[in-house]
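Since the structure comes first, as structure tokens, the remarks are kept for the end.
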Amino acid sequence: MLQRLLLLFLIPVFELFFCVATISENFEYQVLHKSAVVCDLHCDTVLRLIQGVPLGVRGQGGHIDVPRMKEGGIDLQAFCCWVHPQHVPPESSALKIHRMIDVLSDQFEINSESIAVARTGTQAEAIIASGKIAAVLAIEGGHAIENSIEKLKTFRDRGVRYMTITWNKSLDWADAAADTAPQHGGLTDFGRKIIKTMNEIGVIIDVSHVAESTFWDIIETTEDPIIASHSCVYNLCPHFRNLTDNQIRAIARNGGVIGINFCSSFLDSTFGRKYDILETKYLTEIDSLWEVYKGNRDRYVEEKNTLLGNEFQSIRPPLDRAVDHIDYIVKLVGSEYVALGSDFDGTTSLPKGLEDCSKVPAITKKLLEREYSEEDIQRILGGNFLRVFKKVCG
Ligand SMILES: [Zn+2]
């Protein structure tokens, strides 16, 4: 009888204990995430905005808009402008980028109570302290400057604060990682001049997408810290877009920072192959969807995901894969050199639990579960990028 009474008493006590523990865990990560400055080093959201998607309205598709950024506690978002180098004549790349900056500026103006452009790290801190999101303008691919230092300076005057040196195609002055036949063995003399100019005028050098030879030439040439705005760890996922241990060590020595890309192909070495098989299986249907929805990126992605259905969902990596890449860099060089570089709206396959920017707090939860200190988490979420931003741009 006594035993039964004891059990009746103890079961609710245990339940209460676990319930309180779970509530306090949830509370802890939310409080920490809210108090931290959260920076995302890379998104392609402008590609949706130029199709007429409003930044201020919560969308069904895509990964970023103001309501979801607020929900995800995003304090600073780098908005990258990109044009495909093969789809436009080179002479029009700069104009297209200027048009994208126009669209971004209009959207920031419409949402001026929530978001403002930061031209310096100090300005970003003031914008964030006022309760708004700091937007950083960026360019992906040096083809945008059309071999002209003057055009680079014009972009700088318009507020561009980082430039990814190459995209997937080599330039006249720098080789890209995706290029199977590198043309220069790194940077040309003009390429080095561009790097030095970026140092002089305060534009951050981004090494995501560059060939390894270009990377080492940049490390040798730059006097400022650099970023890899959206790259992951080669040793965990041997993809040409990822960084070797030596490259990660060099970025740490340089005082730079690596933004971990959430794209499944860069996180999980098995994903790319599985996805290729799936795309090949539905090639005709996917092509038809593209023809119908190419003017509506969000709808195309939505319809494509519906088409691929459970087969696609089952191959998406878990959120832990993204955290593994953060963890690897921290263990290799310390917590001062890693950050978030989502590639939101630039990729169609994200880990489970990281479907859009509103889900970013899940990373903070995972880092706490892995017993990261609050200081380390704050550095990773945003402190590291702010350090580089302030050092290069003031
Ligand atoms: Zn990219």
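These numbers were taken from a predicted model, which means no experiment stands behind them. Both counts, for ligands and for their atoms, begin at 1 and track the order of listing.
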* How many N, O or S atoms of the protein are nearer than 2.8 Å to the Zn ion (ligand 1)? -> 3
* When the ring planes of His42 and His230 are compared, do they come out parallel, tilted or perpendicular, using 30° and 60° as the limits? -> parallel
Can you give each donor-acceptor pair under 3.5 Å made by side-chain atoms of residues 97-104, sequence neighbours left out, with the distance rounded to 0.1 Å?
| from | atom 1 | to | atom 2 | distance (Å) |
| --- | --- | --- | --- | --- |
| His98 | ND1 | Arg158 | NH1 | 3.2 |
| Asp102 | OD1 | Arg158 | NH1 | 3.2 |
| Asp102 | OD1 | Arg158 | NH2 | 2.7 |

* Asked: Has Lys391 got more than 12 heavy atoms of other residues, nucleotides or ligands less than 6.0 Å from its NZ?
  -> no
* So does Gln313 have more than 12 non-hydrogen atoms from other groups sitting under 6.0 Å from CD? -> yes
* Just do the side-chain hydrogen bond (donor to acceptor under 3.5 Å, both in side chains) check on Ser231 and Arg241 with the steps written out, would you? => CA-CA 6 Å; Ser231 293; Arg241 279 277 287 99; 3.1 Å; yes
* Compare every heavy atom of Gln247 with every heavy atom of Leu243, then report the nearest pair and how far apart it is. => CA-OE1, 3.4 Å
